[in-house]
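Report on the following structure.
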Amino acid sequence: MTALWQSLRTRLLASSVLIAACSITATAWLSVQGTSESLRVEQGETLAVDTRIHDTLIGYAATHPDWDSVDGTVRVLAEETGRRIALVTENLRPIADSRDGSPLPPRASSVVDPLAMDVTLVSERAGRIDPRAVGPFTVSGSDLGRLTSAAEESAACLNEEFGISATVETAPSGRPYVNVSGGEETGSLRLFCGLTALEEPVTSERAALEDLAELTASCLDPAGPEVVFRMDSTTGTPIAVPRNTSGLTQEEEEALWAERALSSAEIRWMEPLSPELDRHTADCVDSARRDLLAPYVAPAALLFIDDPAENPAASLSLSREGVLRVSGVVLLVLVLTLVVSVTVSTQLVRPVRALTDAVLRMRAGQGAGRVEVRDPGELGQLATAFNEMSEHLERLEEQRKAMVSDVSHELRTPLSNLRGWLEAAQDGVADLQPERMRMLVGETLLLQAIIDDLQDLALADAGRLRLSPERVEARVLVEQVVASYQLRSDEAGLRLVAEADGTVLSADPTRLTQALGNLVGNALRHTPKTGTVTVRAWGEEGEAIFQVADTGTGIAPEDLPQVFDRFWRAEKSRSRQTGGSGLGLAIVRGLVELHGGSVAVRSTLGVGSVFTLRLPLSGPTFTGSFRPAPNV
């Protein structure tokens, strides 16, 4: 017992301390992690909003020569993002502001310049010049239709002839181009599928390319490599490549390809030249493109975005004072947990030990134990239930002993009579007259009734008592029961009355007749001569109510809770006039509960008793086996 007490207390203490420590640690960790995550998400959302605003304004600048009409765009962006947006020139002259009159934030968020983009704010773009800035390279009219047809034919050639997935896309300038998915290398197929035709500039583009070439040439070293400009068939934008030094014209290259008699080395020689240029040449090309596009785009401007969380912390960290404060709280909580755990464990162990001692005494055969109830909580309820169980076991044991004595007496008496008269008849000492035969048959019927009761209870205990429900009319059932007991009633000098309406219910007529018969039989035994036994039946609110009332001796109030217990009898004597086996009412309760109903009794000493059965009209919810509830 001491080991159990120590084990229970140890477990309670260890569990409480562990739970408290884990809870505090997890709460602190989750708080810090949650706050950090919230800040990271907020920073990511802020960056996404800033990028969207910057990209929208870059697009506006790339397609407009000035900022005259940008005010509407700024106000729409501010309304959609909930941010204050202000555009000013490089010398801080206002261009547009979603919140007029308010001072500008302390520093600019970015510079809006389509010819010198901040690549950190623009994703998926490689160059510093926004591709939407097309200027004089816009394609329209008949040139657009011709290029579209050529692009569709080239894409169809790559798809159908060579199995290369290619689609026709449109560049910001309106020029169509062939987009090869997955970046597959077309190589020498450019000539075969006519991609080189898409590299030929249209009239408007040719003039722009000549201007671009002149601006580039002014920057290049005259003795350096020459560059030529063409339209890229896979992006739709102008590119610069080193001039072809093979000595062959484009017509000569196409003729060689048509002959299809080239060596692998010659095919490699005919593949497109790399568009990569040396650094100086690339810088000259970029500078020339900016000079060419400058008149077509808005001038550079400063963008101010009002950030409500100007300097959010990336994560949370505790100072030395914060660590000491948290440690002190943790220590205090642990001390409180320890004190509470010791108190609670002591209160828990004391009644558990008392219950264990009582159980051990019962197991040792020292009688049913009792436990003193002190705790009003769950353990107190457990102790109360244990005491009730002990009392019930004592009562059952007393009833069992009384039942064994009663049944043996009830069986011995008729058996002795039967044996005596049969032996006398066998020896020729007595002649079995009709009156003797009727007496012997009565003794046989008594034996049969006791055996039938015992069998019903045995079936119930084994879970094999079953119902076969059918439609039953209450009046017919009551009249049947009354008719079967009428002779016995007349012999006892009693008045047996039936009062029933036409209520119809679903029930097992055999079992219901047995239950009513047991009640009527009890009533006849305990009602003195000239008394009345009334059997009633009627319907009420979805229930069929059967009632057996008598004007008999009644039952004492202290005996009412036990009347439906098996083996119990109010009359302890073994009188053949009023005595019984103590099984009839227990069988009644089992049969009624099997039908899904209930049974109740009210009685007054010297006045009589009323037994009431309530059964649902719809019948039992199941027709399977039934095991009666234990007596309480």
Side-chain angles (χ1 to χ4, degrees), residues 445 449 452-453 456 465-555 560 563-564 580 583-604 607-623 626:
L445 293 177
D452 288 343
D453 288 346
D456 287 340
L465 193 60
R466 296 180 176 273
L467 293 181
S468 298
E470 59 185 61
R471 291 177 60 81
V472 178
E473 186 176 354
R475 178 187 294 110
V476 174
L477 188 69
V478 168
E479 290 175 353
Q480 215 171 29
V481 172
V482 168
S484 64
Y485 282 85
Q486 190 65 55
L487 179 60
R488 180 175 170 184
S489 171
D490 294 340
E491 291 176 350
L494 302 176
R495 181 168 172 262
L496 184 58
V497 181
E499 298 177 0
D501 61 14
T503 300
V504 176
L505 71 156
S506 177
D508 187 329
T510 302
R511 294 301 184 182
L512 190 52
T513 299
Q514 180 183 2
L516 287 175
N518 285 355
L519 293 179
V520 172
N522 278 351
L524 293 175
R525 280 198 304 270
H526 294 88
T527 302
K529 186 175 294 187
T530 72
T532 301
V533 176
T534 305
V535 184
R536 301 185 182 93
W538 70 92
E540 181 180 295
E541 297 180 354
E543 290 183 328
I545 301 176
F546 294 87
Q547 198 172 78
V548 178
D550 62 63
T551 58
T553 57
I555 304 172
L560 284 177
V563 294
F564 294 104
L583 303 176
L585 292 181
I587 293 175
V588 170
R589 182 178 67 174
L591 293 176
V592 171
E593 290 178 350
L594 184 57
H595 278 83
S598 62
V599 58
V601 58
R602 67 177 187 274
S603 181
T604 303
V607 176
S609 303
V610 178
F611 287 84
T612 303
L613 312 182
R614 292 181 176 271
L615 304 176
L617 294 177
S618 57
T621 56
F622 65 99
T623 58
F626 171 77

| said: If you compare all heavy atoms of Val588 against all heavy atoms of Ala515, which two are closest, and at what distance to 0.1 Å? | reply: CG2-O, 3.5 Å
| Shortest non-hydrogen contact from Leu505 to Ala544? | CD1-CB, 3.9 Å
| field | Spatial distance of atom CG (Leu613) from atom CD (Glu543) [nearest 0.5 Å] | value | 11.5 Å
| Among all residues two or more places apart in sequence or in another chain, which pass the side-chain hydrogen bond (donor to acceptor under 3.5 Å, both in side chains) test with Thr527? | none
| said: Tell me if a side-chain donor or acceptor on Thr551 pairs with a main-chain N or O of Thr532 at a distance below 3.5 Å. | reply: yes
| pair His526-Asp550: side-chain heavy atoms closer than 4.5 Å | no
| query | Any side-chain heavy-atom pair from Val535 and Leu519 closer than 4.5 angstrom? | reply | no
| request: Drop me the distance from Thr513's OG1 to Gln480's CD, to the nearest 0.5 angstrom. | output: 5.5 Å
| field | Other residues, nucleotides, ligands: >12 heavy atoms within 6.0 Å of Glu540 CD | value | yes
| query | Is the backbone N or O of Asp508 less than 3.5 Å from a side-chain atom of His595, with the two atoms forming a donor-acceptor pair by type? | reply | yes
| request: Check whether any side-chain heavy atom of Leu585 lies under 4.5 Å from a side-chain heavy atom of Phe611, and answer yes or no. | output: yes
| Roughly how far, to the nearest 0.5 Å, is the CD1 atom of Ile545 from the OG1 atom of Thr612? | 7.5 Å
| query | Partners of Thr534 by side-chain hydrogen bond (donor to acceptor under 3.5 Å, both in side chains), sequence neighbours excluded? | reply | none
| Taking every non-hydrogen atom, the tightest pair across Ser468 and Pro509 | O-CD, 4.1 Å
Distance-only donor-acceptor hits, side chain of residues 489-498, under 3.5 Å, sequence neighbours excluded:
{"from": "Ser489", "atom 1": "OG", "to": "Leu494", "atom 2": "O", "distance (Å)": "2.8"}
{"from": "Asp490", "atom 1": "OD1", "to": "Gln486", "atom 2": "NE2", "distance (Å)": "3.2"}

| message | Could you check whether any side-chain N or O of Tyr485 sits under 3.5 Å from a backbone N or O of Gly521, counting only pairs where one atom can act as donor and the other as acceptor? | response | no
| message | With side-chain contact (heavy atoms from CB on, under 4.5 Å) as the test, pick out the partner of Leu516 among Val481, Val482, Leu591. | response | Val481
| message | Tell me which pairs pass salt bridge (Lys or Arg N to Asp or Glu O under 4.0 Å) where either residue lies in residues 497-507, with sequence neighbours left out. | response | Glu499-Arg536
| said: In the structure I gave you, are the side-chain heavy atoms of Phe564 and Val592 within less than 4.5 Å of one another anywhere? | reply: no
| remark: By side-chain hydrogen bond (donor to acceptor under 3.5 Å, both in side chains), Asn522 pairs with (sequence neighbours left out) Arg525
| Do you know the tightest heavy-atom contact between Arg471 and Val504? | NH2-CG1, 3.4 Å
| field | Heavy-atom closest pair, residues Ser603 and Ser609 | value | OG-OG, 2.7 Å
| Can you tell me if Ser506 uses its side chain to pair, donor with acceptor, with the backbone of Gly619 under 3.5 Å? | no
| Can you name the residues that form a side-chain hydrogen bond (donor to acceptor under 3.5 Å, both in side chains) with Glu479, not counting sequence neighbours? | none
